[in-house]
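These notes are about the structure you will find just below.
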Amino acid sequence: VRVVVIAFALGAGAFLIAIVAAGMAVGVLAPSAGWAGFRVGIGPFTVIQLTRDSEATTTTFGSGILAAASLGGALNALAAAWLKRRPG
Amino acid sequence: MMESGDRIELAPGVVLRAGVLHDSVRRIDVPLNATACLAFRSGATIAEIAVTLARLGARDAERDATSLARELNRLLLANVRATRRDRLRRRARALRFGIAVQAPVQRIAVDNARTFVAALVPSACAVIAALLPLASLAGTPGIAAAAAAGTGIVFHEAAHAVALLGVPRALVLEGLKPSILHPPVGASRTFAAATAGPLVPALLAVTISLAWRDAAPAVVPLAAHAFGLTVLAPDGRTACGLS
């Protein structure tokens with residue numbers, strides 16, 4: 001259980017960092033690419049939303065970022081459990 | 001690939017005492033057999049060791065000397081020194097037959113920050129050089145991202161080394177792939193050392209992005225080190241206790 005819990009925490013942390021860094025990079029690159037704006041998420045869960053108006057570009061991270069990080073953590077925990085059970 | 005003119009030196013932290021190689025970094029003793037004891041001398045070339053082995057009655061002294069050098073290098077107990085010119089010549093010769101030659105493993109003492117960074121510069125430069133043709137198409141942010149990818153290696157290994165402060169450690173270069181050699185440590189120290197490497201460059205990337213937003217695209221390669229925390233990477237598997 002300890003291995004799976006550690007793997008979940010590390011996986012979630014890794015995905016959280018990656019999403020934040022990638023989101024901020026996209027937020028900087030979007031205006032030069034001419035993107036009007038976009039939203040990544042499912043239903044009420046927004047991972048990242050980019051809005052542009054005449055004055056500024058705004059990058060917003062929503063509650064979906066925690067769900068995405070948890071999903072990443074769960075995948076890592078599953079992989080860890082599989083590696084632990086694998087013979088040899 | 002090793003040749004007769006290559007010089008075999010005991011790796012930093014390894015001493016030969018009474019027929020036993022004592023590795024002060026890993027805290028292990030590796031006994032040499034009687035013939036190897038008589039023939040091996042740190043700093044001697046493979047050819048010189050072969051001459052001694054031939055005097056002791058070896059049938060194929062050159063092969064035995066090369067085997068001894070290869071085994072000591074594989075066990076990270078000895079470094080193999082060849083001139084840069086010789087190494088390039090061997091690579092070029094092997095490339096003609098479509099073979100990529102793997103350089104012998106090199107173990108380097110972690111004495112101070114300067115020597116540590118200097119040892120990692122070739123790895124960092126190789127990454128930058130590999131990424132630069134494609135990255136330069138994206139202009140300045142692309143070039144900055146390639147530079148960040150290269151320097152990320154230095155931050156990654158430095159974080160491992162700092163997390164192991166107070167523990168004997170050495171830098172090992174397997175080709176251009178760096179790693180830190182150290183004795184077994186407790187579970188919490190193992191976890192801290194394994195996670196520090198990927199975590200430091202990744203958190204550095206987030207900090208830079210928050211402090212200087214325009215730099216966010218350039219530091220994405222640093223943030224990608226975060227995936228080293230997952231079980232896809234050796235650090236992540238070590239942190240989880242899987243290796």
Side-chain angles (χ1 to χ4, degrees), chain A residues 1-35 47-48 50-52 55-61 65-66 68-88, chain B residues 135 137-142 144-145 148-149 152 155-156 187-188 190-243:
Chain A
V1 175
R2 192 170 150 263
V3 169
V4 174
V5 171
I6 293 171
F8 177 83
L10 291 177
F15 274 78
L16 188 69
I17 291 169
I19 293 168
V20 169
M24 295 192 72
V26 170
V28 172
L29 294 172
S32 54
W35 295 350
V47 177
I48 181 171
L50 189 103
T51 48
R52 272 183 80 191
E55 287 177 0
T57 304
T58 312
T59 310
T60 312
F61 294 103
I65 196 170
L66 293 176
S70 301
L71 185 67
L75 285 173
N76 197 43
L78 274 174
W82 179 74
L83 284 172
K84 192 159 174 63
R85 282 186 188 184
R86 201 176 55 161
Chain B
L137 296 175
T140 312
F155 283 115
H156 186 120
S188 52
T190 301
F191 179 82
T195 53
L199 206 54
V200 165
L203 290 178
L204 185 68
V206 173
T207 308
I208 292 171
S209 298
L210 291 170
W212 183 24
R213 233 189 127 184
D214 286 347
V219 295
V220 166
L222 283 179
H225 280 259
F227 289 113
L229 295 169
T230 67
V231 293
L232 292 172
D235 286 337
R237 290 195 291 275
T238 303
C240 292
L242 289 167
S243 57

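Each chain gets a letter, A, B and so on, in the order its sequence line appears, and its residues count up from 1.
Considering only heavy atoms from C-beta on, A/Phe61 stays 4.5 Å or farther from A/Leu16 through its side chain. With contacts defined as side-chain heavy-atom distances shorter than 4.5 Å, the pair A/Ile17/B/Leu199 qualifies. Contact of the A/Ile65 side chain with the A/Val20 side chain is registered, since non-hydrogen atoms from C-beta on lie closer than 4.5 Å.
Using a 4.5 Å cut-off between heavy atoms, B/Leu222 makes no contact with chain A at all. For B/Ala224, no part lies near chain A; criterion is any non-hydrogen pair under 4.5 Å. Residue B/Ala205: no heavy atom, backbone or side chain, is found under 4.5 Å from chain A.
Residue pairs meeting the side-chain hydrogen bond (donor to acceptor under 3.5 Å, both in side chains) criterion with at least one member in residues 196-205 of chain B, sequence neighbours excluded, do not occur.
Per-residue heavy-atom pair counts under 4.5 Å with chain B were compared for A/Ile6, A/Val26, A/Val4, and the maximum is reached by A/Ile6. Taking A/Val5, A/Leu75, A/Val28, A/Leu83 one by one and counting their heavy-atom pairs under 4.5 Å with chain B, the maximum is reached by A/Val28.
A distance of 9.0 Å separates CZ in B/Phe227 from CG in B/Leu232, rounded to the nearest 0.5 Å.
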Here's a test: name every donor-acceptor pair under 3.5 Å between chain A and chain B, with the distance for each.
from	atom 1	to	atom 2	distance (Å)
A/Thr59	OG1	B/Arg213	NH2	2.8
A/Asn76	OD1	B/Val231	N	2.8

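The number of heavy atoms from other shown groups lying within 6.0 Å of CZ (A/Phe8) is above 12.
Closest approach of A/Val3 and A/Ala80 over heavy atoms only: CG1-CB, 4.2 Å. Minimum heavy-atom separation, A/Leu10 to B/Ala239: CD1-CB, 3.6 Å.
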